[in-house]
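The analysis underlying the following values was restricted to heavy atoms, covering all of them including side chains, and did not include hydrogens, waters or symmetry mates. So you know, we letter chains A, B, ... as the sequences are listed, proteins then strands, and number each from 1.
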2 protein chains.
Amino acid sequence: MADTLTDRSQKILEAIIEEYIATAQPVGSKALTRNLGIKLSPASVRNVMAELEELGYLASPHTSAGRIPTEKGYRFYVDTLIRVNDLNRRQKDQIEQQYGKHGLQMADMLREASRTLSAFSNYTGLVMVPRLKATIFRHIEFVKLSPCLVLAVFVTQSGLVQNKLIEIEEDLTPRDLEKITNYLNQTMAGLSIQEVRARVVTEMAQEKDLYDHLLRRALALSSAALVDEVTGDIIIEGTSHFLEQPEFADLKCMKRIIQTFEQKSILVDLLDRGLETEGVQVIIGSETEYSELSDCSLITAAYSGKSGTLGTLGVIGPNRMPYSTIIPIVDYTANLISRLLDTDKD
Amino acid sequence: MADTLTDRSQKILEAIIEEYIATAQPVGSKALTRNLGIKLSPASVRNVMAELEELGYLASPHTSAGRIPTEKGYRFYVDTLIRVNDLNRRQKDQIEQQYGKHGLQMADMLREASRTLSAFSNYTGLVMVPRLKATIFRHIEFVKLSPCLVLAVFVTQSGLVQNKLIEIEEDLTPRDLEKITNYLNQTMAGLSIQEVRARVVTEMAQEKDLYDHLLRRALALSSAALVDEVTGDIIIEGTSHFLEQPEFADLKCMKRIIQTFEQKSILVDLLDRGLETEGVQVIIGSETEYSELSDCSLITAAYSGKSGTLGTLGVIGPNRMPYSTIIPIVDYTANLISRLLDTDKD
DNA sequence: TTTTGGCACTCAACCCAATGGAGTGCTAAA
DNA sequence: TTTAGCACTCCATTGGGTTGAGTGCCAAAA
């Protein structure tokens with residue numbers, strides 16, 4: 001089907017999509033021949049447009065308006081037509097600068113990444129915070145808050161700090177805690193959290209009637225400290241850019257989208273999808289499979305530390321997004337973050 | 001000036017404000033006599049309204065519309081007319097329930113507070129994260145990430161965990177770090193951060209040519225770990241409620257407000273103002289002294305742990321807010337948080 | 001066979017005038 | 001002092017007319 005498009009049809013489709021992305025107005029045949037590099041008459045263009053509409057790449061809001069791209073149109077554009085320019089040196093430097101001033105801490109870095117994505121794309125930036133299980137154990141520390149309450153502070157290889165309150169039944173002396181801490185730090189260092197968790201489970205099973213009380217407690221504590229987060233967290237920046245989009249002028253629809261953002265879980269799911277994919281991924285409209293976001297598109301890419309993929313980041317906006325300029329921004333940011341996480345601290 | 005208002009004028013002003021809060025429509029004399037408990041004729045009401053407008057409590061968008069309250073009107077309403085009903089048992093229970101399911105961790109609790117404020121008020125919830133200097137030192141821990149990079153993890157009395165990356169010049173052995181940790185935890189426990197900081201400074205000055213290397217390093221490390229955050233952090237939830245307000249239907253103005261939220265610094269300043277005030281504080285429109293928020297009002301209250309005031313929380317919305325129902329929600333939430341912080345962990 | 005000019009047609013957007021109605025201020029009567 | 005009555009104002013809504021961008025189709029040109 002898509003293959004049957006002639007060269008000329010593709011050129012016209014591309015021109016229409018780019019014009020529509022730039023203006024947010026339905027494009028007519030005349031505008032195309034006037035401004036863009038189409039050296040055909042409006043009438044010929046009209047024929048092609050009618051054909052493209054027939055095939056589902058374009059749609060017309062009403063008879064006497066121009067055409068706008070359908071999702072299928074955008075998809076074809078992104079898959080085949082698009083010409084992605086790499087960022088030039090200056091742009092790369094500008095993006096990179098944003099991370100210099102900040103402390104080197106991971107959480108700050110991810111927040112900055114989201115901000116930068118938003119600022120450079122003029123849409124909304126998304127960064128998924130690494131899931132615990134994707135990270136590598138570096139250090140754990142227990143701070144006793146009360147006789148039956150212990151705070152576990154937990155540092156991953158890449159410098160992410162997580163903490164968790166644990167209720168315990170039996171009182172542990174600071175001495176006990178120290179021993180437990182030492183034991184865990186020595187045994188578990190360098191393992192991925194998944195491995196640590198697995199190991200704790202098997203050891204606990206093996207040594208059910210463990211006479212070594214301390215070991216048992218150590219395992220119990222670490223098991224409690226490392227329970228998986230039910231749901232990932234996500235950093236959203238630049239929601240206000242949505243208010244600039246003419247397609248969301250309707251407050252009803254606007255509100256639905258912003259609420260979806262606040263709720264986060266849907267975005268978490270969408271970013272999760274990019275975890276296994278190499279390079280930049282584009283999700284267009286109903287491909288999200290959420291009706292709330294049927295008019296939104298995402299451009300995402302995975303980032304990684306030395307332990308492999310940690311999470312994904314990206315940009316969300318209306319379907320009518322300048323994909324060709326945003327894709328390299330997302331791509332570069334993901335690589336930059338990966339680089340920073342890799343070199344910084346170890 | 002305000003004192004010259006007769007009883008009757010006040011009743012009418014109150015009725016107008018409450019009607020306007022409920023409907024968002026300018027209130028006319030007829031509507032007042034029909035629906036509300038005013039047993040005067042429209043003509044009499046009109047006289048009073050004209051008088052109230054003269055005095056600056058009301059304004060009319062144009063000649064043939066009803067009246068709407070001015071900021072002065074709202075201020076008088078909040079200061080004198082308002083009847084704040086306490087929450088009933090059921091409402092209190094409902095609010096309290098929100099905190100049960102969650103872990104007991106402070107950060108989660110504050111986030112939940114913001115969510116709850118938003119959900120129960122139908123406006124936007126704000127919670128200021130305690131400033132470091134307002135908290136009490138409980139425990140510090142150093143994790144060595146690389147030869148010249150140390151992660152300081154730092155727990156306050158109330159269970160807030162902060163962490164900070166520190167670059168060091170000289171390599172410290174794990175043994176050194178442990179000693180330093182012990183020293184600091186023993187000397188500083190129970191002091192407020194301000195005190196700790198002061199103490200570190202004086203000690204460092206005193207013992208300039210300290211032969212005890214370790215102590216000097218300890219002080220240097222803790223000094224680096226406890227530098228004040230330049231700017232406080234704030235948790236915002238329920239921004240989408242702003243999209244429901246008819247007064248912000250204009251996208252331009254809407255965008256300005258949401259951008260102000262994203263930037264956070266202005267909100268931090270506004271919440272800061274409530275730190276020294278007892279009870280609930282209301283800031284109306286231009287009282288914020290920020291033109292971006294000249295159509296917004298805040299209802300805030302301070303919350304505290306056992307070490308005294310920790311921060312503030314509240315609700316932000318349009319000037320036309322149902323103050324009488326939101327004030328008790330903010331009040332109760334602040335008290336609840338204070339109670340939870342006080343009892344939970346020590 | 002493909003392209004193009006011409007032409008009739010469609011339809012949203014815009015403008016404009018007329019209408020209706022809610023609300024006001026004022027005055028005179030109760 | 002309160003109220004009924006009345007003239008007046010002005011926004012919001014409605015509906016008709018016009019405009020203009022764009023379309024589809026057909027016949028002529030290339």
Side-chain angles (χ1 to χ4, degrees), chain A residues 4-13 15-20 22-70 73 246-247 249-250, chain B residues 4-13 15-20 22-70 73 246-247 249-250:
Chain A
T4 69
L5 284 189
T6 66
D7 224 47
R8 192 177 67 172
S9 301
Q10 296 196 8
K11 272 225 176 57
I12 289 179
L13 178 57
I16 291 174
I17 291 179
E18 289 182 349
E19 178 72 5
Y20 182 67
T23 63
Q25 301 292 330
V27 262
S29 53
K30 211 184 258 171
L32 261 195
T33 54
R34 244 205 320 270
N35 309 325
L36 291 328
I38 308 283
K39 69 269 146 254
L40 289 171
S41 74
S44 311
V45 173
R46 278 205 290 281
N47 286 329
V48 178
M49 283 164 97
E51 182 191 345
L52 286 169
E53 181 167 2
E54 187 95 3
L55 292 171
Y57 295 100
L58 296 177
S60 34
H62 55 85
T63 44
S64 78
R67 301 304 210 295
I68 62 175
T70 60
E247 39 263 85
D250 175 34
Chain B
T4 68
L5 284 189
T6 67
D7 225 46
R8 192 178 66 172
S9 300
Q10 295 195 9
K11 273 225 178 54
I12 289 180
L13 179 56
I16 291 174
I17 291 179
E18 289 181 350
E19 179 72 6
Y20 182 67
T23 64
Q25 301 292 330
V27 189
S29 54
K30 213 185 257 171
L32 260 196
T33 54
R34 244 205 320 269
N35 309 325
L36 291 329
I38 308 283
K39 69 267 148 254
L40 290 171
S41 73
S44 310
V45 173
R46 277 205 289 281
N47 286 329
V48 178
M49 283 165 98
E51 184 191 344
L52 285 169
E53 181 167 1
E54 187 96 3
L55 292 171
Y57 295 99
L58 295 177
S60 34
H62 54 84
T63 44
S64 77
R67 302 303 211 294
I68 61 176
T70 60
E247 40 263 85
D250 176 35

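Looking only at distances, a side-chain donor or acceptor of A:Thr23 sits under 3.5 Å from a matching main-chain atom of A:Glu19.
Where B:Asn47 and B:Ser64 each meet DNA chain D at their nearest nucleotide, the meeting point lying more 5' is that of B:Asn47. The nearest heavy atom of DNA chain D to B:Pro61 and to B:Val45 marks one nucleotide each, and the one closer to the 5' end goes with B:Val45.
In this structure, A:Ser29 reaches the sugar-phosphate backbone alone: every heavy-atom distance under 4.0 Å involves primed, P, OP1 or OP2 atoms, never a base. Counting any heavy atom pair closer than 4.0 Å across all strands shown, A:Ala43 reaches a base atom.
Look at A:Arg67 and you'll find a side-chain N or O under 4.0 angstrom from OP1 or OP2 of D:dG24. Applying the 4.0 Å criterion to OP1 and OP2 of D:dG22, one finds that A:Thr63 has every side-chain N and O outside that range. Between B:Ser44 and D:dT3 there is a side-chain N or O to OP1 or OP2 distance below 4.0 Å. Using a 4.0 Å cut-off, some side-chain N or O of B:Ser41 falls inside it from OP1 or OP2 of D:dT3.
Atom-to-atom distance recorded for A:Leu32:CG and A:Met49:CE is 5.5 Å, nearest 0.5 angstrom. Put simply, CZ on A:Arg67 and OG on A:Ser29 are 8.5 Å apart, with the number rounded to the nearest 0.5 Å. One distance of note links OG1 of B:Thr70 with CD1 of B:Ile17; it measures 7.5 Å at 0.5 Å rounding.
One interatomic measurement links the two molecules: CZ of A:Arg46 to P of D:dC25, which rounds to 11 Å at whole-angstrom precision. Summarising the geometry, the separation between CG on A:Leu32 and P on D:dA21 is reported as 15 Å, rounded to the nearest angstrom. What separates CE of A:Met49 from C1' of C:dT3 is a distance of 17 Å, to the nearest Å. Whole-Å rounding puts the B:His62 NE2 to C:dG21 P distance at 17 Å. With rounding to whole Å, A:Leu58 atom CG is found 11 Å from D:dG24 atom P. We find that NZ of A:Lys30 is positioned 12 Å from P of D:dG20, with the value rounded to whole Å. A straight line from CD1 of A:Ile68 to P of D:dG22 spans 14 Å, rounded to a whole angstrom. If you measure from atom OH of A:Tyr20 to atom C1' of D:dG22, you get 16 Å, rounded to the nearest angstrom.
Considering only heavy atoms from C-beta on, A:Glu51 stays 4.5 Å or farther from A:Asn47 through its side chain.
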